[in-house]
2 protein chains.
Amino acid sequence: MDHSCASKAQIAYILRELHYQISPKFERCTGISQSRLELLQHLYDAEEISQTTLQKVVHIDNAAVTRHLKQLEASGMVNRRKNPQDNRVTLVSLTEQGRSKILSYRKERDQFVTNLLQGFTEKELPVLVDMLQRMQQNAEQIEG
Amino acid sequence: MDHSCASKAQIAYILRELHYQISPKFERCTGISQSRLELLQHLYDAEEISQTTLQKVVHIDNAAVTRHLKQLEASGMVNRRKNPQDNRVTLVSLTEQGRSKILSYRKERDQFVTNLLQGFTEKELPVLVDMLQRMQQNAEQIEG
DNA sequence: CCTCAATGTTTGATACGTCAAACAATATAA
DNA sequence: TTATATTGTTTGACGTATCAAACATTGAGG
């Protein structure tokens, strides 16, 4: 409520605008959506994990995760199977095809992000990451 | 493509995640979506402007702007009329009701953003705004 | 054992973006 | 002035997120 609220409010606006500016361009440049690539990226690191675990790290709704993974399965990028120890949970893993394809996606992504961050110095990047993460933590607290 | 790409890629991920964390909470806290409030906010400042002008400043697709404004008109927040000098353009303005309602929305928004930026110092805010705006400018350049 | 709660996943309804194509209305130029 | 390009807006098809409700499946307590 203090005098700096105008600039604070601006931040919320810019974040929204930035997302919608980036999102379609990211997909056109890399050939895959940010969400999908993020899912694949975590599978790449994790071998085989449950959907819920995956859902929590990518901050996407369960329903959306289910739909993404179904389509990624249909396109041969991931495998899904029930956990024999607990038939409620679905375990997901990358296929060989997925594992190899992700490498080229990553290249495109890196190029894209490099463009996005043109003019940023090496010192600025960690500052930015830190601020964004702090906002994320704050966001998690809001409205239980 | 250099060694800092991991941290760069992280930024793209966080931006996406942050948007989806914020967006529903913003609406629940304030009673209006970010996009709508941003549209109203600009109308508040601008008196009467054309849809296209408005669309350009908020970085939302024309189609989405049309739909938002139609609904805001239906709910009595804005007026729309054809420009008599050029019947192609639609001029939009706030109604009295809209003008008064926006004040309470703003209060909620400011509270929300204050929570989002908890722990940020006065010096950090302009740094953050600057970085976000630079990303926006870079994003505009990508893939003409 | 057999409810009943908890956990994981899925489905359905809704909202809001994008793009492309359709429709004006206006400018331009032959 | 009449065909053609340009500009502003709208509509339709689609993707992807949210929430809430429906379905398993498993665990725990009487």
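Just so it is clear, the structure is predicted and the values come from calculations on it, not from any experiment. All values below were derived from every heavy atom in this structure, side-chain atoms included, with hydrogens, water molecules and symmetry-related copies excluded. Every chain is numbered from 1, with letters handed out A, B, ... down the list of sequences.
Within the 4.5 Å cutoff, the side chain of B/L18 has heavy atoms near those of the A/M135 side chain. A 4.5 Å side-chain heavy-atom check between B/N62 and B/Q51 finds every atom pair outside the cut-off.
Between the side chains of B/E140 and B/H59, at least one donor N or O lies within less than 3.5 Å of an accepting N or O.
In this structure, A/Q71 atom CD and D/dC14 atom P are separated by 13 Å, rounded to whole Å. Atom P of nucleotide D/dT18 and atom CZ of A/R16 are separated by 17 Å, given to the nearest angstrom. Remark: C1' of D/dG15 and OH of A/Y20 are 12 Å apart, rounded to the nearest angstrom. Between the CD1 atom of B/I22 and the C1' atom of C/dC16 there is a distance of 17 Å, rounded to whole Å. The CD-P distance, from B/Q55 to C/dG17, rounds to 12 Å in whole Å. Remark: P of C/dG17 and CG of B/L69 are 11 Å apart, rounded to the nearest angstrom. Rounded to a whole Å, the CD atom of A/E27 is 10 Å from the P atom of C/dC19. For A/H68 and D/dT18, the NE2 to C1' distance is 12 Å, given to the nearest whole Å.
A salt bridge does not link B/E27 with B/R36: every distance from a Lys NZ or Arg NE/NH1/NH2 to an Asp or Glu carboxylate oxygen is 4.0 Å or more. Salt-bridge check for B/R81 with B/E73: failed, with every basic side-chain N at 4.0 Å or more from each acidic carboxylate O.
The shortest distance between the side-chain N/O atoms of B/N87 and the OP1/OP2 oxygens of C/dT26 is below 4.0 Å.
For the pair A/R106 and A/Y44, the cation sits on the ring face: its NZ or CZ lies under 6.0 Å from the ring centre, inside 45° of the axis. In this structure, B/R109 fails the cation-pi test against B/F26, since its NZ or CZ atom is not both closer than 6.0 Å to the six-membered ring centre and inside 45 degrees of the ring normal.
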Practice item. Applying side chain to side chain contact (heavy atoms under 4.5 Å, CB included), run through A/E47 and A/V92 and close with a yes or a no. Key: CA-CA 8 Å; A/E47 294 293 335; A/V92 195; over 6 Å; no

Practice item. Let me have a per-nucleotide readout for nucleotides 4-12 of chain D, 5' to 3', with B, S or -, counting only protein heavy atoms under 4.0 Å. Key: --BBSBBBB

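Scanning residues 32-47 of chain A for heavy-atom distances under 4.0 Å to DNA chain D yields A/S35, A/R36.
Summarising the geometry, atom CG belonging to B/L72 is positioned 9.0 Å from atom CG belonging to B/L94; distances are rounded to the nearest 0.5 Å.
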